[in-house]
Amino acid sequence: MGCGSSKTNKVIEPEKKIERDFLEEDNDNKNKNEQSPSLPNNQLKKSSLAISSKNYKLNYFDFTGRAELLRLIFAVSNTPFTDQRIKFKDWKNEKKNAPLEQLPYLEVDDNQILVQSMAIARYLATEMNLTGTDTYEQVKVPVKFISVAKYLAMAID
């Protein structure tokens with residue numbers, strides 16, 4: 001059995017760029033006596049999530065499981081990646097080639113390999129600028145990851 005027959009390799013490309021709108025206060029035009037800014041005194045600023053120039057290859061079984069959170073991060077950030085899916089029946093033969101003999105693992109630019117789904121999630125969130133803009137938001141991100149991971153685990157059971 002050849003190596004290509006045991007894996008499904010699919011490159012996921014983003015369909016469109018995601019933009020988030022932020023209201024940025026225009027301090028020059030704001031009346032200092034106002035307690036809350038009004039829309040005419042604000043500017044609408046468009047900001048997009050970072051799209052990495054790195055090549056990512058996610059290796060996991062041919063089902064959702066622990067890699068689904070990682071796929072969601074790629075989707076939210078519109079970052080293309082190769083979704084290499086390994087058939088469960090072929091895992092015994094492929095296991096010796098996997099770091100720590102575990103899945104998922106992420107290959108970055110064909111020279112870096114990351115393991116453990118939550119560590120990979122934190123790495124991707126940082127790379128895709130999804131970690132928050134202040135300390136409070138940065139603490140909330142891992143909480144969201146854990147919540148999503150628990151939800152996905154319940155869905156699998």
Side-chain angles (χ1 to χ4, degrees), residues 8-86 97-157:
T8 303
N9 212 7
K10 183 177 179 184
V11 176
I12 310 295
E13 292 287 339
E15 291 181 22
K16 61 182 180 179
K17 193 175 185 179
I18 294 177
E19 290 187 344
R20 296 190 301 186
D21 296 333
F22 295 97
L23 287 177
E24 184 175 271
E25 187 173 283
D26 183 3
N27 289 327
D28 296 334
N29 296 329
K30 183 182 176 194
N31 182 345
K32 292 184 180 181
N33 294 329
E34 291 181 23
Q35 293 195 10
S36 63
S38 59
L39 286 177
N41 293 335
N42 292 313
Q43 290 178 296
L44 189 61
K45 180 182 175 185
K46 298 272 185 187
S47 175
S48 60
L49 300 173
I51 297 181
S52 178
S53 62
K54 296 179 181 179
N55 296 311
Y56 297 102
K57 184 161 104 177
L58 178 62
N59 298 274
Y60 195 64
F61 294 113
D62 196 15
F63 52 82
T64 57
R66 295 188 183 275
E68 197 62 18
L69 174 60
L70 309 175
R71 292 181 186 120
L72 289 171
I73 293 170
F74 282 119
V76 165
S77 65
N78 276 336
T79 303
F81 72 105
T82 302
D83 193 6
Q84 183 165 318
R85 297 186 179 224
I86 299 169
N97 298 324
L100 302 178
E101 296 186 350
Q102 297 176 357
L103 293 175
Y105 67 92
L106 180 70
E107 297 175 59
V108 182
D109 289 336
D110 296 326
N111 63 1
Q112 297 175 325
I113 296 178
L114 301 169
V115 296
Q116 298 292 324
S117 59
M118 295 308 287
I120 296 169
R122 284 190 294 275
Y123 168 80
L124 290 175
T126 302
E127 287 289 304
M128 301 346 172
N129 291 329
L130 297 172
T131 55
T133 56
D134 60 27
T135 306
Y136 181 72
E137 286 182 358
Q138 291 170 356
V139 170
K140 287 174 53 177
V141 170
V143 172
K144 299 288 184 194
F145 285 168
I146 292 167
S147 297
V148 170
K150 285 183 179 181
Y151 174 78
L152 292 171
M154 289 186 319
I156 294 169
D157 289 342

Original post:
Heavy atoms, side chains only, cut-off 4.5 Å: are Leu124 and Leu70 in contact?
Top reply: yes
Sorted by chain and number, sequence neighbours left out, side chain to side chain contact (heavy atoms under 4.5 Å, CB included) with Asp134 holds for Tyr136, Glu137
dist Lys144:NZ -> Leu69:CG (nearest 0.5 Å) comes out at 13.0 Å
The single option from Gln102, Arg66, Arg122 that satisfies side-chain hydrogen bond (donor to acceptor under 3.5 Å, both in side chains) with Gln116 is Gln102
query: Would you say the side chain of Arg71 lies within less than 4.5 Å of the side chain of Phe81, judging by non-hydrogen atoms?
result: yes
Taking every heavy atom of Val115 against every heavy atom of Pro99, the minimum-distance pair comes out as CG1-CB, 3.6 Å
Q | Validation row: Tyr123, Val108 side chains within 4.5 angstrom (heavy atoms) | A | yes
Here the gap from Leu106 atom CG to Thr82 atom OG1, rounded to the nearest 0.5 Å, amounts to 10.0 Å
Quiz item: Any side-chain heavy-atom pair from Asp110 and Lys57 closer than 4.5 angstrom?
Solution: no
Closest non-hydrogen contact found for Ser77 with Thr79 is OG-OG1, 2.8 Å
Taken to the nearest 0.5 Å, the spacing of Glu68 CD from Phe63 CZ works out to 11.0 Å
Of all heavy-atom pairs linking Leu103 and Tyr60, the shortest is CB-CD1, 3.7 Å
The reported gap from CG in Leu114 to OH in Tyr56 (rounded to nearest 0.5 angstrom) is 9.5 Å
Sequence neighbours excluded, the answer for ring pair (Phe, Tyr, Trp, His ring centres under 6.0 Å) partners of Phe145 is none
Nearest heavy-atom contact between Val141 and Ala125 is CG1-CB, 4.5 Å
**Message:** With a 4.5 Å cut-off on side-chain heavy atoms, are Leu58 and Pro104 touching?
**Reply:** yes
